[in-house]
Trainee: 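Would you mind keeping the following structure in view while I ask a few things?
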Amino acid sequence: ADRPSQITSLGPPAPEGGSLAAVLGAAEERLLVVATLLSGSRLGDVHVEPRQSVADLTKAFSALTGTPSKYIRLVLDGRQLHPQRTLLEERVPESVGEDGAVHINLIRQQIFAPSLLGI
């Protein structure tokens, strides 16, 4: 079942009237990042600044989904984003679509219960 779309904001409010050119050219502009599962279910939206880290974005989606951030992987255009890098370093702003948003796939790793066999 799809969860209702939620928007989380990291940092100060976004300026009004921003254009795609401004988003691509200025780090002060905010990005709308939409997370979906590989199944196509939309999880929610987050507004971030390009200079924030991928780890910050992962934490925001962790808060939306209730999944611990260590079990979340973010994938953009077929490649996994590295938590230590910024969104600019990962070239996320270049992936803004016609709808003004960046669409990222969120992969949840399975959480396995501890087994007595592993002791």
Side-chain angles (χ1 to χ4, degrees):
D2 290 344
R3 294 180 65 173
S5 180
Q6 300 175 6
I7 295 180
T8 300
S9 184
L10 301 175
E16 294 297 321
S19 67
L20 177 58
V23 169
L24 295 176
E28 295 81 30
E29 291 292 327
R30 310 262 303 210
L31 296 172
L32 173 61
V33 179
V34 177
T36 57
L37 294 174
L38 293 177
S39 65
S41 299
R42 185 173 174 156
L43 293 175
D45 307 336
V46 177
H47 285 93
V48 293
E49 296 176 11
R51 294 202 185 274
Q52 288 183 278
S53 71
V54 172
D56 291 336
L57 183 59
T58 302
K59 288 176 189 172
F61 284 124
S62 174
L64 282 176
T65 64
T67 303
S69 58
K70 69 181 182 178
Y71 297 111
I72 293 176
R73 302 293 174 258
L74 300 178
V75 176
L76 177 66
D77 297 333
R79 62 185 172 82
Q80 182 174 322
L81 303 180
H82 299 281
Q84 301 84 5
R85 300 181 75 186
T86 67
L87 300 174
L88 276 175
E89 291 170 334
E90 288 287 347
R91 303 176 73 168
V92 171
E94 296 174 18
S95 297
V96 173
E98 291 179 10
D99 61 354
V102 177
H103 294 267
I104 287 184
N105 288 319
L106 184 143
I107 299 173
R108 291 188 238 192
Q109 293 182 319
Q110 289 186 337
I111 304 170
F112 294 102
S115 169
L116 294 176
L117 297 175
I119 296 176

Trainee: Using every non-hydrogen atom in the two residues, find where Leu37 and Leu106 come nearest and quote the distance to one decimal.
Mentor: CD2-O, 3.4 Å
Trainee: Per the salt bridge (charged side-chain N to carboxylate O under 4.0 Å, His left out) rule, what does the pair list look like for residues 75-87, sequence neighbours excluded?
Mentor: Arg79-Glu90, Arg85-Glu90
Trainee: What are the two closest non-hydrogen atoms of Pro50 and Pro93, and how far apart are they?
Mentor: CB-CG, 3.9 Å
Trainee: Is the shortest heavy-atom distance from the side chain of Val48 to the side chain of Arg30 under 4.5 Å?
Mentor: no
Trainee: Using the rule given for side chain to side chain contact (heavy atoms under 4.5 Å, CB included), can you reason through Ile107 versus Val75, listing the C-alpha separation, both sets of side-chain angles and the distance that settles it, and then say yes or no?
Mentor: CA-CA 8 Å; Ile107 299 173; Val75 176; 3.5 Å; yes
Trainee: Work out which heavy atom in Ser53 is nearest to a heavy atom in Pro83; give both atom names and the distance.
Mentor: CB-O, 3.9 Å
Trainee: Nearest 0.5 Å please: distance from the CG atom of Leu64 over to the CG atom of Asp45.
Mentor: 8.5 Å
Trainee: Partners of His82 by side chain to side chain donor-acceptor pair (under 3.5 Å), sequence neighbours excluded?
Mentor: none
Trainee: Do Leu74 and Thr58 come within less than 4.5 Å of each other through their side chains, counting heavy atoms only?
Mentor: yes
Trainee: Please report the interatomic distance OG(Ser95) to CG(Leu87), rounded to the nearest 0.5 Å.
Mentor: 10.5 Å
Trainee: Do the non-hydrogen side-chain atoms of Val34 and Asp99 ever get within less than 4.5 Å of each other?
Mentor: no
Trainee: Taking all non-hydrogen atoms of both residues, which atom of Thr36 and which atom of Arg42 are closest, and how far apart?
Mentor: CG2-CA, 3.8 Å
Trainee: Locate the shortest heavy-atom distance separating Arg108 from Leu43; write the atom from each residue and the value.
Mentor: NH2-CD2, 3.6 Å
Trainee: Roughly how far apart are Asp56 CG and Ser69 OG, rounded to 0.5 Å?
Mentor: 10.5 Å
Trainee: Given side chain to side chain contact (heavy atoms under 4.5 Å, CB included), test Leu32 with Val102 step by step and report yes or no.
Mentor: CA-CA 6 Å; Leu32 173 61; Val102 177; over 6 Å; no
Trainee: Provide the closest heavy-atom pair for Ile72 versus Phe61 in the form atom of the first, atom of the second, distance.
Mentor: CD1-C, 4.2 Å
Trainee: Test side chain to side chain contact (heavy atoms under 4.5 Å, CB included) on Leu31 and Val96 and set out the steps.
Mentor: CA-CA 8 Å; Leu31 296 172; Val96 173; 3.9 Å; yes
Trainee: For the side chain of Glu89 and the backbone of Thr86, is there at least one donor-acceptor N/O pair under 3.5 Å apart?
Mentor: yes
Trainee: Can you tell me how far the CD atom of Gln52 sits from the NZ atom of Lys59, to the nearest 0.5 Å?
Mentor: 11.0 Å
